[in-house]
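In what follows, a single structure is set out as structure tokens and then discussed.
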Amino acid sequence: MPELPEVETIARTLREGKGEVHSILEHTIEHASVLWERSIATPSIPEFLRRIQGQVVQHIGRRGKYIVMTLSEDTLLVHLRMSGDVRVEQDVADVSSVPLKKHDRVVFYFQENERLVFEDARKFGRLWLLADPQVELGKLGPEPLSEELTPAEFATMLRQHKRQLKPLLMDQTFLAGLGNIYTDEALFKAKLHPLMVAQDLNFEQAGALLIAIKETLQEGIRRNGASIDWVYRGGDFQNQFFVYGRKDKPCLVCGTPIERLVVGQRSTHICPQCQVNYQEDIA
DNA sequence: CACGTCACCTGCGTGC
DNA sequence: TGCACGCAGGTGACGT
């Protein structure tokens, strides 16, 4: 599920609390339990369990699609991939006696009688415990919402790549945070076809694309992300989709039926009327 | 460098 | 009802 807005929503909830949930900042991990070993990317399970003990949560943020938890000695990175989620359990007499759920993979028990549970039905999600988080985060491209990422800078980035727009935008080393849904929505907003070659965009189109990306992500965050399928999120951005998942439904701008195509193995949605700047090689 | 394919996993919706 | 199949928010390892 989770793309940048969903991860941001989750990180904020852990950091600031929301509704019933209160922040876990400054709380101390008493110990952890790993129910699915492959959920831990690094270090080894024994080292992970040993090192995490006694660490205090000092900051919680996000970089790309990673939740970044700065602990007293290390940094814990959480990547939810397709079906991961985290939940906080607190406000019960004894959290450790609450039954775990079918898809729970890693559990952190806090001294404050709380649990942070990483759940992940499809088991694609990963956790890293690192002395230096840059080992992992250093691979990422810029943050799309950063004010330092300007239209001029983005145009320069696009000019350096001879790739199709959609796969390029989803490449986390190019730009960190877009996934399948928000990419389709941003391309629609910018009126650009996903198969256009990045290098071929003019300055105006590059600028429009960056603005569309920023606005789409900000709207997603404002709505607390999108909740679709059986993975509950609590957000409602899914009700704002213009193209994603709307195959054969009328374009909300021009009424033309939305088309679904496959790009880089990923389901891709476009309005063939609004996103016309791509020309098939009509030799 | 760019692209295609498969692998990793489970669960849900659809159609026969 | 059972069951096969296609689909799913992501990424990484290959091969061409």
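All chains are named by letter (A, B, ...) in the order of the sequence lines, taking the proteins before the strands, and each is independently numbered beginning at 1. Remember, predicted model here, so these are calculated numbers, not experimental data.
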**Request:** Fit a plane to each ring of A:His27 and A:Phe110, take the angle between them on a 0 to 90° scale, and name the class: parallel (under 30°), tilted (30 to 60°) or perpendicular (over 60°).
**Result:** perpendicular
**Message:** Heavy atoms from C-beta onward define the side chain here; which of C:dG10, B:dC9, B:dC6 lies closest to that of A:Met82?
**Reply:** C:dG10
**Request:** Could you please name the option among C:dT11, C:dA8, B:dC3 that lies closest to any side-chain atom of A:Tyr244?
**Result:** C:dA8
**Prompt:** Is the count of non-hydrogen atoms from other residues, nucleotides or ligands lying under 6.0 Å from A:Glu37 atom CD greater than 12?
**Reply:** no
**Prompt:** When you look for runs of 3 or more Watson-Crick or G-U pairs in a row, both distances below 3.5 Å, which of them include DNA chain B?
**Reply:** B:2-8 with C:10-16, B:10-16 with C:2-8
**Asked** A:Phe124 has a side chain; which of B:dC6, B:dC8, C:dA8 sits nearest to it?
**Response** B:dC8
**Between C:dG9 (P) and A:Asp236 (CG): distance, integer Å** = 19 Å
**A:Arg126 side chain near C:dG12 phosphate (N/O to OP1/OP2, under 4.0 Å)** = no
**Message:** Distance check, P atoms only: B:dC6 and C:dG6, in whole angstrom units.
**Reply:** 13 Å
**Between B:dC12 and C:dT11 - P atom distance, rounded Å** = 23 Å
**Request:** Please determine, for the side chain of A:Glu3, which listed nucleotide (C:dA8, B:dC9, C:dG9) has the closest atom?
**Result:** C:dG9
**Message:** Just the rounded figure in Å: distance from C1' of C:dG10 to CG of A:Leu168.
**Reply:** 17 Å
**Request:** Would you classify A:Arg105 as touching base, sugar-phosphate or nothing, given that sugar-phosphate means primed atoms plus P, OP1 and OP2, and contacts are heavy atoms under 4.0 Å?
**Result:** nothing
**Item:** Rounded distance (Å) that lies between atom C1' of B:dC1 and atom CD of A:Gln160
**Value:** 13 Å
**Request:** Hey, could you give me the CG/CZ distance between A:Asn180 and A:Arg266, rounded to the nearest 0.5 Å?
**Result:** 4.0 Å
**Out of C:dG9, C:dG10, B:dC9, whichever nucleotide has its closest atom nearest the side chain of A:Ile181** = C:dG9
**Nearest to side-chain heavy atoms of A:Gln172, which nucleotide of C:dG9, B:dC8, C:dT11** = C:dT11
**Prompt:** Which part of the nucleic acid does A:Lys102 contact within heavy-atom distance under 4.0 Å: base, sugar-phosphate only, or nothing?
**Reply:** sugar-phosphate
**Asked** Between A:Val263 and A:Arg38, which is nearer to the 5' end of DNA chain B once each is assigned its nearest nucleotide?
**Response** A:Val263
**Prompt:** Does A:His161 place a side-chain N or O at less than 4.0 Å from the phosphate oxygens OP1/OP2 of B:dC1?
**Reply:** no
**Asked** If you check every side-chain atom of A:His103, which of B:dT10, C:dG9, C:dG10 has the closest atom?
**Response** B:dT10
**Message:** If I compare all heavy atoms of A:Gln275 with all of A:Val243, which pair ends up nearest, and what's the gap?
**Reply:** OE1-CG1, 4.5 Å
**Asked** When the ring planes of A:Phe188 and A:Phe242 are compared, do they come out parallel, tilted or perpendicular, using 30° and 60° as the limits?
**Response** parallel
**Asked** So which nucleotide from B:dA2, B:dC3, B:dC9 ends up closest to the side chain of A:Lys162?
**Response** B:dA2
**Ring geometry between A:Tyr66 and A:His79 (parallel below 30°, tilted from 30 to 60°, perpendicular above 60°)** = perpendicular
**Item:** Working for side-chain contact (heavy atoms from CB on, under 4.5 Å), residues A:Leu201 and A:Leu165
**Value:** CA-CA 9 Å; A:Leu201 297 215; A:Leu165 270 186; 4.2 Å; yes
**Request:** Consider the side chain of A:Arg163, meaning its heavy atoms from C-beta on, and name the nucleotide among C:dC7, B:dA2, C:dT11 that approaches it most closely.
**Result:** B:dA2
**Request:** Kindly state each residue pair satisfying side chain to side chain donor-acceptor pair (under 3.5 Å) with at least one member in residues 247-264 of chain A, sequence neighbours excluded.
**Result:** A:Arg260-A:Ser267
**Message:** Expressed as a whole number of angstroms, how long is the span from A:Ile10:CD1 to C:dG9:C1'?
**Reply:** 11 Å
**Phosphate OP1/OP2 of C:dA8: any A:Ser267 side-chain N/O under 4.0 Å** = yes
**Message:** Distance check needed: C:dC7 C1' versus A:Arg260 CZ, whole Å only.
**Reply:** 8 Å
**Request:** Give the rounded distance in Å between these two atoms: CZ of A:Phe174 and P of B:dC3.
**Result:** 13 Å
**Prompt:** Does a side-chain N or O from A:Gln265 land closer than 4.0 Å to OP1 or OP2 of B:dT5, or not?
**Reply:** yes
**Prompt:** Can you find a side chain N or O atom of A:Arg122 that sits less than 4.0 Å from OP1 or OP2 on C:dG10?
**Reply:** no
**Item:** Partners passing ring-ring contact (aromatic ring centres under 6.0 Å, His included) against A:Phe124 (at least two apart in sequence or in another chain)
**Value:** none
**Asked** How long is the line joining CD of A:Glu8 and C1' of C:dG9, in whole Å?
**Response** 17 Å
**Message:** Please report the distance separating the P of B:dT5 from the corresponding atom of C:dC7, rounded so that it comes out in whole Å.
**Reply:** 15 Å
**Request:** Please tell me which of the listed nucleotides, C:dT11, B:dC3, C:dA8, lies nearest to the side chain of A:Arg81?
**Result:** C:dT11
**Complete:** A:Leu165 CG to B:dA2 C1', in whole Å, measures 14 Å
